[in-house]
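Down below is the structure, laid out as structure tokens.
Scope of the values below: all heavy atoms of this structure, side chains included, with no hydrogens, waters or symmetry mates. The first residue of the sequence shown is numbered 1, and numbering continues consecutively from there.
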Amino acid sequence: MTPPAPLHYRIAPSHPGAHLFEVSLTIPAPAPAGQRVALPAWIPGSYMIREFSRNIVRIAATSRGRPVALEKLDKHTWAAAPCDGPLVVTCEIYAWDLSVRAAHLDESHGFFNGTSVFLRALGHEDAPHEVEIVAPRGRAYAGWRVATALPRARGTAAHGFGLYRAAGYDELVDHPVEMGTFSLVGFRACGVAHEVAITGRHDCDLRRLAADLKKICEAQIRFFHGRRAGPAQVPFARYVFQVMAVGDGYGGLEHRASTALICSRNDLPHAGMAGMPEGYRSFLGLCSHEYFHTWNVKRIKPAAFAPYDLTRENYTRLLWAFEGFTSYYDDLFLKRAGLIDEAAYLGLLAKTVQGVLRGAGRLKQSVAESSFDAWTKYYRQDENAPNAIVSYYTKGSLVALCLDLLLRQRTGGARSLDDVMHLLWRDYGASFEQRGAGVPEDGLLRAAIAVAPAHRRALQRFFASAVDGTADLPLKPLLAAFGIDLQVRRGARPALGARTAAAPDGVRLTHVLDGGGAQAAGLSAGDVVIAVDGIKVGNGSLDGLLARRARGATVQVHAFRRDELIVRDVRLGTSETTVEVVPAPRQAAAAQRLRRAWLAA
């Protein structure tokens, strides 16, 4: 049987100064009744409808050199009139989104995710796909090269423009492409080739970065595949970290054999840098997070994502496990890889606990509900978000922590969350390419019970409370069993009960918090405070003015709401909760053993 001819894409940075890619799709055998094509509405890993089709400037179709009529059926789908083929659909796409989610092009570099630029030929998604990546024209671009995990076709040089191949559309759009004059460094982790491509001006110590990433990657590979893991066990042949260094930025998006990252250039290590500054530690944590997704989300994934439907929302109540568990392991692997010590790890844990406890939304929305509502709430946060929602990332990571400690405590260290992850990998991740099976909505509870069946009822109670409920998590007693003291302190400074940001003529209230004096007095997010008790509020002076008052005192606040002056009497409360996580002064030997096994597993 003759294999089907591949669908052929051609993408060229046709006008970098105008931020335009020209993309064509050739379909050798279009549907006889008329071929339909569509651009995805969202990108996996970022759970929000983004309407990528809005960036299509022009679109047209031809067959054998003759125009073919295109009818737009909805916001992202077109139908071509019947033709014998081959059908060529060409579009011009505006690319000016400097993020990890979409596409960006100028004279300095080009970047794209396939979901932003590659039309999907409906009915042909499982056929072979190939893409010709074309260099921009002009001497100014002579030094440009390509960084991507897409497999190269024969004849295409490493990091060269040319032909790349994918087994189907899903694989094609799961390999972002960076092009430009990026810095490049490589290393091997458990025998597998890894690369880091950094775009943007920077002074990164590439050798230091590669050495630290190697430790993280090897720790995670061995976590899933054993101490003696090698290329035969790892689910990718090559991995690429694509980094965009900017003045101020932070974010990442996972893919099956790569990750797109954006960071502040000052967070990258520089030559002669000693220790582990906070910014660099944060960047390594981001890399650790996205790399862990290679297994947890890209292979072990919710049944709702198997396969993805890129035309609409894909609802699941499990993001607390897939994003939250990954958020738990990202910092933990910095410790297990030897990049930070126990004190630094506990400091990161304290910061996470503090962030969750400072949001009243945790008492109103469960992490299961937060997961389901990601499409409409988490990715569309407004000024009321701290009062209304909880993050399935941060609280999800604390649910993972509690489940890990609970399993270790109940089984005397014999079982842990690590065993749950290994079970999920065995039953779902390792066979995903063949079976395509995702984790059912009750799959996490079932996996935890399978790991520790003697503790079924305790696990059921924990899931009911921690996952489906809104009660605070039992962090203090669980950590105490590991010789760790969780100290939660109410804020000591007088405060309005609002979060603020500098404004040209005062201080803008960005969030007004539940139960605070500002809310009770009728102040709202967006109000600009210009005076307290008749004293002008300058940039950074609000805290100083309030520090001279007593908690419970009433102050007169002058503020502008839009262009109208308002005056409110505000009763001062206290600043937000602070959290410290430290080793307990007295520790039983059993607690010490449990802690060592947890942090050094």
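Ring geometry for F333 versus F292: interplanar angle of 30 to 60°, hence tilted. The aromatic rings of F187 and H194 sit parallel to each other, their planes meeting at less than 30°, with 60° as the upper class boundary. Classification of the Y308-F305 ring pair by plane angle, with boundaries at 30° and 60°, yields tilted.
Looking at heavy atoms from C-beta onward, V582 lies out of side-chain contact with L486 at the 4.5 angstrom threshold. I300 has its side chain within reach of F322: a pair of non-hydrogen atoms, C-beta onward, lies under 4.5 Å apart.
A 6.0 Å sphere centred on CG of D341 holds more than 12 heavy atoms belonging to other residues, nucleotides or ligands. Around the CD atom of Q487, the shell of radius 6.0 Å holds more than 12 heavy atoms that belong to other residues, nucleotides or ligands. Around NZ of K351, the count of heavy atoms belonging to other residues, nucleotides or ligands within 6.0 Å does not exceed 12. For CG of D248, the number of neighbouring non-hydrogen atoms (other residues, nucleotides, ligands) closer than 6.0 Å is 12 at most.
Under the 3.5 Å distance criterion, with hydrogens and angles disregarded, no donor-acceptor pair is assigned to the side chains of S371 and E323. E290 and H255 share no side-chain donor-acceptor pair at under 3.5 Å. Under 3.5 Å, the side chains of S366 and D468 contain no donor-acceptor pair of N or O atoms. Counting only N and O atoms by type, the side chains of S99 and D97 include a donor and acceptor under 3.5 Å apart. Using modelled atom types, one finds no donor on one side chain facing an acceptor on the other under 3.5 Å when comparing T294 with E254.
Put simply, the side chain of D309 never gets that close to the backbone of P307: no donor and acceptor are under 3.5 Å apart. No side-chain donor-acceptor contact under 3.5 Å links W295 to the backbone of M421. Within the 3.5 Å criterion, the main-chain N or O of H175 finds no donor-acceptor partner in the side chain of S258.
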message = Under the criterion side-chain contact (heavy atoms from CB on, under 4.5 Å), I'd like the reasoning laid out for F241 against E195: C-alpha separation, chi angles, the key distance, then a yes or no.
response = CA-CA 6 Å; F241 293 91; E195 293 179 345; over 6 Å; no

* To do: Tell me, with the steps shown, if R317 and D373 meet side-chain contact (heavy atoms from CB on, under 4.5 Å).
  => CA-CA 8 Å; R317 288 179 166 81; D373 292 338; over 6 Å; no

Go through the steps to decide whether R499 and E576 satisfy the test salt bridge (charged side-chain N to carboxylate O under 4.0 Å, His left out), and finish with yes or no. CA-CA 10 Å; R499 296 174 185 168; E576 295 187 80; 2.9 Å; yes

Quick one, D212 with R208, criterion salt bridge (charged side-chain N to carboxylate O under 4.0 Å, His left out). Give me CA distance, side-chain angles, the key distance, then yes/no. CA-CA 6 Å; D212 290 343; R208 165 77 184 271; 2.8 Å; yes

Exercise. List the steps, then state whether side-chain contact (heavy atoms from CB on, under 4.5 Å) holds for L253 with S46.
Key: CA-CA 8 Å; L253 192 64; S46 185; 4.3 Å; yes

| said: Before you tell me yes or no, could you show the steps for V246 and I262 under side-chain contact (heavy atoms from CB on, under 4.5 Å), namely the whole-Å CA-CA distance, both residues' side-chain angles and the distance that decides it to 0.1 Å? | reply: CA-CA 7 Å; V246 296; I262 189 166; 4.0 Å; yes

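Within the structure, salt bridge (charged side-chain N to carboxylate O under 4.0 Å, His left out) contacts touching residues 446-460 (residues at least two apart or in different chains) are D442-R446.
Here the OH-CG distance, from Y392 to L318, works out to 12.5 Å after rounding to the nearest 0.5 Å. Taken from CD in E278 to CG in D267, the straight-line distance is 9.0 Å, to the nearest 0.5 Å. Summarising the geometry, atom CG belonging to L594 is positioned 11.5 Å from atom CD belonging to Q587; distances are rounded to the nearest 0.5 Å. Interatomic distance, K301 NZ to H293 NE2, rounded to the nearest 0.5 Å: 12.0 Å. Remark: L405 CG to L475 CG distance equals 8.5 Å, nearest 0.5 Å. The distance from atom CD of Q354 to atom OG1 of T577, rounded to the nearest 0.5 Å, is 8.0 Å.
F462 and H455 have their aromatic ring centers separated by at least 6.0 angstrom. Between F223 and H422, the ring center distance clears the sub-6.0 Å criterion. Centroid-to-centroid, the aromatic rings of F112 and F118 come within less than 6.0 Å. Side-chain rings of F325 and W320 approach one another, their centers coming within less than 6.0 Å. In this structure, Y291 has its ring center closer than 6.0 angstrom to the ring center of Y239. Taking the ring centroids of Y378 and Y47, they lie at or beyond the 6.0 Å cut-off.
Considering L398, V399, L417 in turn, L417 is the only one that fulfils the side chain to side chain contact (heavy atoms under 4.5 Å, CB included) rule with Y328. The side chain to side chain contact (heavy atoms under 4.5 Å, CB included) test with P302 singles out one residue from V439, T316, L444, and that residue is T316. For the side chain to side chain contact (heavy atoms under 4.5 Å, CB included) test with S370, the passing option among V390, L319, I389 is V390; the others fail. Residue R362 forms a side-chain hydrogen bond (donor to acceptor under 3.5 Å, both in side chains) with just one option from T470, D472, T394, and that option is D472.
Comment: R336 engages D418 in a salt bridge, judged by a side-chain N to carboxylate O separation of less than 4.0 angstrom. Note on K335 versus E342: no salt bridge recorded, every NZ/NE/NH1/NH2 to OD/OE distance being 4.0 Å or above. Between K377 and E369 no salt bridge is recorded (no basic side-chain N to carboxylate O distance below 4.0 Å). A salt bridge does not link R281 with D331: none of the charged nitrogens is closer than 4.0 Å to a carboxylate oxygen.
Under a cutoff of 6.0 Å and an axis angle of 45°, R595 and F482 do not form a cation-pi pair.
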